[in-house]
Amino acid sequence: MRVLTMIMAAAVPLAACASDDQRAAARAAAEAAAQLSADGQGYADGARFAGPARNCVPINDLRQSRVRSDRVIDWSGGSGRTYRTVLPQSCPTLGFEQRFAYQTSLTQLCAQDIITVLQGPSAQPGPACALAPFQPITPPPRAGLR
């Protein structure tokens with residue numbers, strides 16, 4: 001049995017450089033990423049559903065991840081598709097650490113699989129949390145880009 005271990009990390013902005021207003025706006029945006037929009041066709045941060053949710057996604061279709069909060073991970077796929085996973089429960093320190101690892105013996109990552117938050121500069125294993133289905137989305141527009 002072959003076990004694949006993958007570490008996903010996102011670029012972490014320097015929080016010390018952000019003002020209190022910027023940090024509050026970032027927290028509000030992260031919370032909106034987990035909430036359904038009023039019309040039920042997407043999320044409150046502007047991301048829109050782009051098809052039915054999938055329980056499993058081929059690992060080779062997951063190129064990059066963006067941890068948005070303790071509950072939300074956006075995945076960029078090699079096929080140009082973006083998926084959003086809203087964890088069933090908050091995963092402590094995931095939003096702060098912005099990185100995690102997973103192991104699987106399959107060629108796909110599934111909703112019942114477990115991620116482990118990597119903590120500190122030495123990437124020590126932290127909390128382990130269950131994934132949820134992968135919802136294909138059209139990402140929200142990026143604020144502040146010109």
**Prompt:** Around Gln89, counting heavy atoms of other residues, nucleotides and ligands shown, do more than 12 lie under 6.0 Å from its CD?
**Reply:** no
**Fill in**
Separation between CZ (Phe134) and CD (Gln108), nearest 0.5 Å, reads 9.5 Å
**Message:** Just verifying a value: how many Å separate Thr116 OG1 and Gln103 CD, rounded to the nearest 0.5 Å?
**Reply:** 7.5 Å
In a table with atom names and distances, give each donor-acceptor pair under 3.5 Å that connects a side chain of residues 122-132 to protein atoms at least two apart or in another chain.
| from | atom 1 | to | atom 2 | distance (Å) |
| --- | --- | --- | --- | --- |
| Ser122 | OG | Gln124 | NE2 | 3.4 |

**Request:** For Thr93, enumerate each residue passing the side chain to side chain donor-acceptor pair (under 3.5 Å) test, keeping only those at least two apart in sequence or located in another chain.
**Result:** Gln119
**Complete:** Those residues at least two apart in sequence (or on a different chain) that pass side chain to side chain donor-acceptor pair (under 3.5 Å) with Thr85 are Trp75
**Request:** State whether the side chain of Arg71 and the backbone N or O of Val86 hold a donor-acceptor pair below 3.5 Å, judged by distance alone.
**Result:** no
**Prompt:** Any donor and acceptor pair, going by atom type alone, linking the side chain of Glu97 with main-chain N or O of Leu94 inside 3.5 Å?
**Reply:** no
**Message:** To check you understand the geometry: which heavy-atom pair defines the closest contact between Arg63 and Gly77, and what is its length?
**Reply:** CG-C, 4.0 Å
**Request:** Might you point out which heavy atoms bring Ile73 and Ser65 nearest each other, and give the distance in Å?
**Result:** CG2-CB, 4.0 Å
In a table with atom names and distances, give each donor-acceptor pair under 3.5 Å that connects a side chain of residues 49-59 to protein atoms at least two apart or in another chain.
| from | atom 1 | to | atom 2 | distance (Å) |
| --- | --- | --- | --- | --- |
| Arg54 | NH1 | Tyr83 | OH | 3.0 |

**Prompt:** Are any of the side-chain heavy atoms of Leu109 and Leu62 separated by less than 4.5 Å?
**Reply:** yes
**Prompt:** Under the salt bridge (charged side-chain N to carboxylate O under 4.0 Å, His left out) test, which residues partner Asp61, sequence neighbours left out?
**Reply:** none
**Prompt:** Is there a chain of hydrophobic side chains (I, L, V, M, F, W, Y, each step under 4.5 Å between heavy atoms) that links Ile114 to Leu106?
**Reply:** no
**Request:** Take Arg84 and Asp45 through the test side chain to side chain contact (heavy atoms under 4.5 Å, CB included) and record every step on the way to the result.
**Result:** CA-CA 12 Å; Arg84 176 164 293 172; Asp45 68 345; 3.0 Å; yes
**Request:** List the steps, then state whether side chain to side chain contact (heavy atoms under 4.5 Å, CB included) holds for Asp74 with Ile137.
**Result:** CA-CA 9 Å; Asp74 285 350; Ile137 61 167; 4.1 Å; yes
**Message:** Applying side chain to side chain contact (heavy atoms under 4.5 Å, CB included), can you list everything that pairs with Gln41, at least two apart in sequence or on another chain?
**Reply:** Asp39, Arg48
